[in-house]
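Nothing here was measured: the structure is a model prediction, and the numbers come from that model. In this chain, residues are counted from 1 in sequence order.
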Amino acid sequence: MKCGAPVAPRHQRASELTAIPIPEAGSAPLHPAAGSTEPHAGETLLAAISTSLDDAKAEDVALIDLKGKTTLADTMAIASGRSNTHVGAIAERVIKAVKEAGHPAPRVEGMPHNDWVLVDAGDVIVHIFRPEVRQFYNLEKMWGADRPGEKRAS
């Protein structure tokens, strides 16, 4: 095994090992997450994605506000396409809209099969399903309501 760091022999005890200094966690500035730092960038991105879903004739579009529920994104968009081809075409349009809105290229999963395509644009995550796949996973139910420990007091 030839990596860069030396490996202690198995017969050494933990008390005999030499400590390797680790830089302080706060010494280097953290880089911001991918996406724009403009105050309304998420709203602009969401508008561009919503328009692209409408232009591609996506069906049953649902927008779920994730603020306060997770740090993954601010909004989740869920939409259906009539067929694998339609799902792929919707995804391509969403990807193009994200790039045209001035955001970095989104991460995309599921494009070869187009049963369920996920487009992660940072502030907005888009799920595009065939109807039967969408019904099976039912993300609206999972993310749409408060989780049991997070119910707000009335």
Side-chain angles (χ1 to χ4, degrees), residues 3-5 14 19-154:
C3 351
I20 300 171
I22 298 175
E24 291 293 323
S27 64
L30 296 175
H31 299 287
S36 177
T37 57
E38 297 174 26
H40 301 289
E43 294 170 14
T44 306
L45 178 61
L46 180 58
I49 289 172
S50 295
T51 300
S52 70
L53 290 169
D54 188 46
D55 290 347
K57 300 195 183 338
E59 299 175 349
D60 299 322
V61 176
L63 299 176
I64 300 172
D65 184 13
L66 298 177
K67 293 176 189 148
K69 293 183 181 181
T70 182
T71 57
L72 292 173
D74 292 336
T75 307
M76 181 182 296
I78 303 172
S80 296
R82 293 180 299 278
S83 65
N84 295 51
T85 305
H86 190 211
V87 168
I90 294 168
E92 288 292 338
R93 236 186 231 227
V94 169
I95 294 164
K96 183 178 177 185
V98 170
K99 291 177 184 176
E100 287 176 352
H103 293 269
R107 291 177 293 260
V108 181
E109 295 289 331
M111 281 296 281
H113 296 85
N114 295 333
D115 282 332
W116 174 6
V117 177
L118 174 117
V119 180
D120 182 354
D123 290 337
V124 182
I125 296 175
V126 184
H127 296 274
I128 309 159
F129 294 98
R130 283 188 308 109
E132 54 275 5
V133 177
R134 180 177 180 172
Q135 184 178 10
F136 179 79
Y137 287 101
N138 201 2
L139 292 183
E140 290 96 332
K141 184 177 180 183
M142 184 185 320
W143 285 99
D146 290 332
R147 290 180 284 193
E150 297 178 347
K151 290 194 177 190
R152 293 185 176 97
S154 301

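Partners of A58 under the side-chain contact (heavy atoms from CB on, under 4.5 Å) rule, at least two apart in sequence or in another chain, are L53, V61, A79, I90. Not a single salt bridge (Lys or Arg N to Asp or Glu O under 4.0 Å) links D54 to another residue, sequence neighbours left out. Under the rule for a side chain to side chain donor-acceptor pair (under 3.5 Å), T75 has no partner lying at least two apart in sequence or in another chain. Scanning for side-chain contact (heavy atoms from CB on, under 4.5 Å) contacts around D115 gives N84, R130, V133, with sequence neighbours left out. Applying the side-chain contact (heavy atoms from CB on, under 4.5 Å) rule to T51 yields the partners D55; only residues at least two apart in sequence or on another chain are considered. For E59, the salt bridge (Lys or Arg N to Asp or Glu O under 4.0 Å) partners at least two apart in sequence or on another chain are R82.
For A48 against A101, the heavy-atom pair with the smallest separation is CB-CB, 4.1 Å. The shortest heavy-atom contact between H86 and A56 is NE2-O, 2.9 Å. In plain terms, the two heavy atoms of A77 and L63 that are nearest each other are CB-CD2, 3.6 Å. Nearest approach of M111 to G88, heavy atoms of both residues: CE-O, 4.1 Å. Counting all heavy atoms, side chain and backbone alike, F129 lies closest to R134 at CB-CB, 3.4 Å. Scanning both residues, P104 and V98, for their nearest heavy atoms gives O-CG1, 3.7 Å.
Rounding to the nearest 0.5 Å gives a distance of 11.0 Å between OG1 of T44 and CD1 of I49.
Taking the six-membered ring where the residue is Trp, H127 and W116 present tilted rings, their angle falling between 30° and 60°.
In this structure the side chain of V108 reaches within 4.5 angstrom of the side chain of V117, judged on heavy atoms. Residues L46 and D123 form no side-chain contact, since every pair of their non-hydrogen atoms from C-beta on lies 4.5 Å or further apart.
With P106 as the partner, the side-chain contact (heavy atoms from CB on, under 4.5 Å) test is satisfied by one option alone out of L118, D120, V94, I95: I95. Between I125 and the choices D74, I78, L72, I64, the side-chain contact (heavy atoms from CB on, under 4.5 Å) rule is met once, by L72.
Of the possible donor and acceptor atoms, none in the side chain of S50 sits under 3.5 Å from a partner among the backbone N and O of A47.
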